[in-house]
Novice: 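Please find one structure pasted underneath; my questions will follow.
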Amino acid sequence: MELRLCESDFRFMCVIWENEPITSHDLVIKCNERLGWKKSTTYTVLKKLSEKGFAKNENSVITSLVPKSEVQEFAGNQFIESTFGGSLPSFLASFFGGKTISDKEADELKSLIDNYTEGK
(Lines give C-alpha, C1' and ligand atoms only; values in the text may rest on other atoms or scores of the structure.)
Protein backbone atom coordinates (compact mmCIF):
# COMPACT_ATOMS: atom_id res chain seq x y z
CA MET A 1 0.00 0.00 0.00
CA GLU A 2 1.36 3.41 -0.96
CA LEU A 3 1.09 5.85 1.93
CA ARG A 4 1.07 9.02 -0.20
CA LEU A 5 -1.62 11.55 0.70
CA CYS A 6 -2.33 14.90 -0.92
CA GLU A 7 -2.40 17.90 1.40
CA SER A 8 -6.20 17.95 1.89
CA ASP A 9 -6.35 14.20 2.56
CA PHE A 10 -3.52 14.53 5.11
CA ARG A 11 -5.31 17.38 6.89
CA PHE A 12 -8.48 15.25 6.95
CA MET A 13 -6.60 12.29 8.39
CA CYS A 14 -5.12 14.61 11.03
CA VAL A 15 -8.65 15.32 12.22
CA ILE A 16 -9.22 11.56 12.54
CA TRP A 17 -5.83 10.87 14.19
CA GLU A 18 -6.36 13.64 16.74
CA ASN A 19 -9.92 12.61 17.66
CA GLU A 20 -10.26 8.87 17.08
CA PRO A 21 -12.41 7.06 17.67
CA ILE A 22 -14.82 9.71 16.39
CA THR A 23 -18.43 9.40 15.30
CA SER A 24 -19.23 10.35 11.72
CA HIS A 25 -21.47 13.14 13.06
CA ASP A 26 -18.61 14.62 15.11
CA LEU A 27 -16.21 14.18 12.18
CA VAL A 28 -18.53 16.28 10.00
CA ILE A 29 -18.57 19.01 12.66
CA LYS A 30 -14.78 18.95 13.12
CA CYS A 31 -14.13 19.02 9.35
CA ASN A 32 -16.48 21.97 8.97
CA GLU A 33 -14.70 23.84 11.77
CA ARG A 34 -11.11 23.02 10.78
CA LEU A 35 -11.29 22.55 7.03
CA GLY A 36 -14.41 24.48 6.04
CA TRP A 37 -15.89 21.34 4.51
CA LYS A 38 -19.55 20.52 3.99
CA LYS A 39 -21.02 17.21 5.12
CA SER A 40 -20.96 15.80 1.58
CA THR A 41 -17.25 16.60 1.15
CA THR A 42 -16.40 14.93 4.47
CA TYR A 43 -18.30 11.77 3.54
CA THR A 44 -16.83 11.68 0.02
CA VAL A 45 -13.24 11.95 1.32
CA LEU A 46 -13.96 9.45 4.11
CA LYS A 47 -15.26 6.94 1.56
CA LYS A 48 -12.22 7.46 -0.68
CA LEU A 49 -9.72 7.06 2.16
CA SER A 50 -11.59 4.05 3.53
CA GLU A 51 -11.36 2.38 0.12
CA LYS A 52 -7.62 3.12 0.05
CA GLY A 53 -7.18 1.54 3.50
CA PHE A 54 -6.36 4.66 5.53
CA ALA A 55 -9.54 4.78 7.64
CA LYS A 56 -12.42 2.58 8.72
CA ASN A 57 -16.07 3.54 9.21
CA GLU A 58 -17.72 0.88 11.32
CA ASN A 59 -21.19 1.58 12.70
CA SER A 60 -20.62 5.32 12.17
CA VAL A 61 -17.43 5.27 14.28
CA ILE A 62 -14.32 6.35 12.41
CA THR A 63 -10.82 5.10 13.21
CA SER A 64 -7.53 5.18 11.34
CA LEU A 65 -5.96 2.06 9.89
CA VAL A 66 -2.54 3.62 9.28
CA PRO A 67 -0.59 5.48 11.97
CA LYS A 68 0.26 9.13 11.32
CA SER A 69 3.95 8.37 11.90
CA GLU A 70 4.00 5.90 8.98
CA VAL A 71 2.44 8.44 6.61
CA GLN A 72 4.91 11.11 7.76
CA GLU A 73 7.86 8.76 7.34
CA PHE A 74 6.75 7.84 3.81
CA ALA A 75 6.25 11.51 2.86
CA GLY A 76 9.60 12.52 4.33
CA ASN A 77 11.43 9.76 2.48
CA GLN A 78 9.69 10.65 -0.79
CA PHE A 79 10.56 14.33 -0.36
CA ILE A 80 14.23 13.67 0.41
CA GLU A 81 14.48 11.21 -2.49
CA SER A 82 12.82 13.46 -5.08
CA THR A 83 14.25 16.80 -3.96
CA PHE A 84 17.71 15.89 -2.63
CA GLY A 85 18.47 12.70 -4.54
CA GLY A 86 18.08 10.70 -1.34
CA SER A 87 20.87 12.60 0.44
CA LEU A 88 20.00 13.20 4.07
CA PRO A 89 23.08 15.43 4.61
CA SER A 90 22.01 17.64 1.66
CA PHE A 91 18.51 17.88 3.09
CA LEU A 92 19.81 18.82 6.55
CA ALA A 93 22.19 21.44 5.14
CA SER A 94 19.30 23.00 3.24
CA PHE A 95 16.97 22.73 6.24
CA PHE A 96 19.38 24.45 8.61
CA GLY A 97 20.27 27.09 6.03
CA GLY A 98 21.72 29.59 8.53
CA LYS A 99 19.46 28.64 11.44
CA THR A 100 20.85 27.74 14.81
CA ILE A 101 19.56 25.06 17.15
CA SER A 102 19.70 24.74 20.91
CA ASP A 103 22.11 22.41 22.71
CA LYS A 104 19.11 20.25 23.65
CA GLU A 105 18.01 19.97 20.01
CA ALA A 106 21.57 19.11 18.98
CA ASP A 107 21.73 16.39 21.64
CA GLU A 108 18.39 14.97 20.43
CA LEU A 109 19.63 14.89 16.85
CA LYS A 110 22.90 13.23 17.88
CA SER A 111 20.93 10.61 19.81
CA LEU A 112 18.70 9.95 16.79
CA ILE A 113 21.74 9.55 14.55
CA ASP A 114 23.36 7.17 17.02
CA ASN A 115 20.17 5.07 17.14
CA TYR A 116 20.04 4.77 13.36
CA THR A 117 23.73 4.30 12.62
CA GLU A 118 24.57 1.04 10.86
CA GLY A 119 26.54 -1.42 12.93
CA LYS A 120 25.23 -0.27 16.27
Novice: Determine, using the 4.5 Å side-chain heavy-atom cutoff (strictly less than), whether Ile101 and Leu92 are members of one ILVMFWY cluster.
Specialist: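 Same cluster: Ile101 reaches Leu92 through Ile, Leu, Val, Met, Phe, Trp or Tyr contacts under 4.5 Å.
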Novice: About how many Å separate OG1 of Thr83 and CD of Glu81, when rounded to the nearest 0.5 Å?
Specialist: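 Rounded to the nearest 0.5 Å, the CD-OG1 separation comes out at 9.5 Å.
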Novice: Taking the side chain as every heavy atom from C-beta outward, state whether Cys14 and Lys68 have any pair of such atoms under 4.5 Å apart.
Specialist: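 The answer is yes; the side chains approach within 4.5 Å.
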Novice: So which atom in Leu46 and which in Asn57 form the shortest heavy-atom distance, rounded to 0.1 Å?
Specialist: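 So the two residues come closest at CD2-ND2, 3.7 Å.
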Novice: Is there a path of hydrophobic side-chain contacts, each under 4.5 Å between heavy atoms of I/L/V/M/F/W/Y residues, joining Phe91 to Leu109?
Specialist: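 Yes, Leu109 and Phe91 fall within the same hydrophobic cluster.
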Novice: For residues 37-83, which residue pairs pass the ring pair (Phe, Tyr, Trp, His ring centres under 6.0 Å) check, not counting sequence neighbours?
Specialist: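 Sorted pair list: Phe12-Trp37, Phe79-Phe84.
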Novice: If only atom types and distance count, is the side chain of Thr117 paired as donor or acceptor with the main-chain N or O of Ile113 below 3.5 Å?
Specialist: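 Yes: the side chain of Thr117 pairs with the backbone of Ile113.
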Novice: For the residue pair Ile62 and Glu20, what are the closest heavy atoms and their distance?
Specialist: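 Looking at all heavy atoms of both residues, the closest pair is O-CB, 4.0 Å.
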Novice: Do His25 and Ile29 have side chains that get closer than 4.5 Å, going by heavy atoms?
Specialist: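 Result yes, sub-4.5 Å side-chain heavy-atom pair found.
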Novice: Just checking Lys39: does its NZ atom have more than 12 heavy atoms from other residues, nucleotides or ligands closer to it than 6.0 angstrom?
Specialist: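 For Lys39, atom NZ is not crowded (no more than 12 foreign heavy atoms under 6.0 Å).
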Novice: Are more than 12 heavy atoms from other residues, nucleotides or ligands located less than 6.0 Å from atom CZ of Phe95?
Specialist: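 No, CZ of Phe95 has 12 or fewer neighbouring heavy atoms, counting only those of other groups under 6.0 Å.
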Novice: Using every non-hydrogen atom in the two residues, find where Leu65 and Gly53 come nearest and quote the distance to one decimal.
Specialist: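 Residues Leu65 and Gly53, closest heavy atoms: CB-O, 3.3 Å.
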Novice: State whether the number of non-hydrogen atoms from other residues, nucleotides or ligands found under 6.0 Å of Lys48 atom NZ is greater than 12.
Specialist: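 Enclosed.
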Novice: What distance do Ile22 atom CD1 and Cys31 atom SG have between them, rounded to the nearest 0.5 Å?
Specialist: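 Here the interatomic distance stands at 7.5 Å.
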Novice: Less than 4.5 Å apart, any side-chain heavy atom of Thr42 and any of Asn32?
Specialist: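 Thr42 vs Asn32: side chains apart.
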Novice: Side-chain contact test, heavy atoms from C-beta onward, threshold under 4.5 Å: evaluate it for Thr23 versus Ser60 and give yes or no.
Specialist: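 No - every pair of side-chain heavy atoms lies 4.5 Å or more apart.
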Novice: For Ser64 versus Ile16, what's the shortest heavy-atom pair and its separation?
Specialist: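 Closest approach of Ser64 to Ile16, heavy atoms only: N-CG2, 3.9 Å.
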Novice: Step by step, would you call Lys99 with Glu105 a salt bridge (charged side-chain N to carboxylate O under 4.0 Å, His left out)?
Specialist: CA-CA 12 Å; Lys99 298 176 198 157; Glu105 290 171 320; over 6 Å; no
Novice: Find out if a path of hydrophobic residues (ILVMFWY) with successive side-chain heavy-atom gaps under 4.5 Å connects Ile80 to Leu3.
Specialist: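 No, Ile80 does not connect to Leu3 through the hydrophobic network.
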Novice: Within the structure provided, determine whether Val71 and Met13 are in side-chain contact (heavy-atom separation under 4.5 Å).
Specialist: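 No; the side chains remain at least 4.5 Å from each other.
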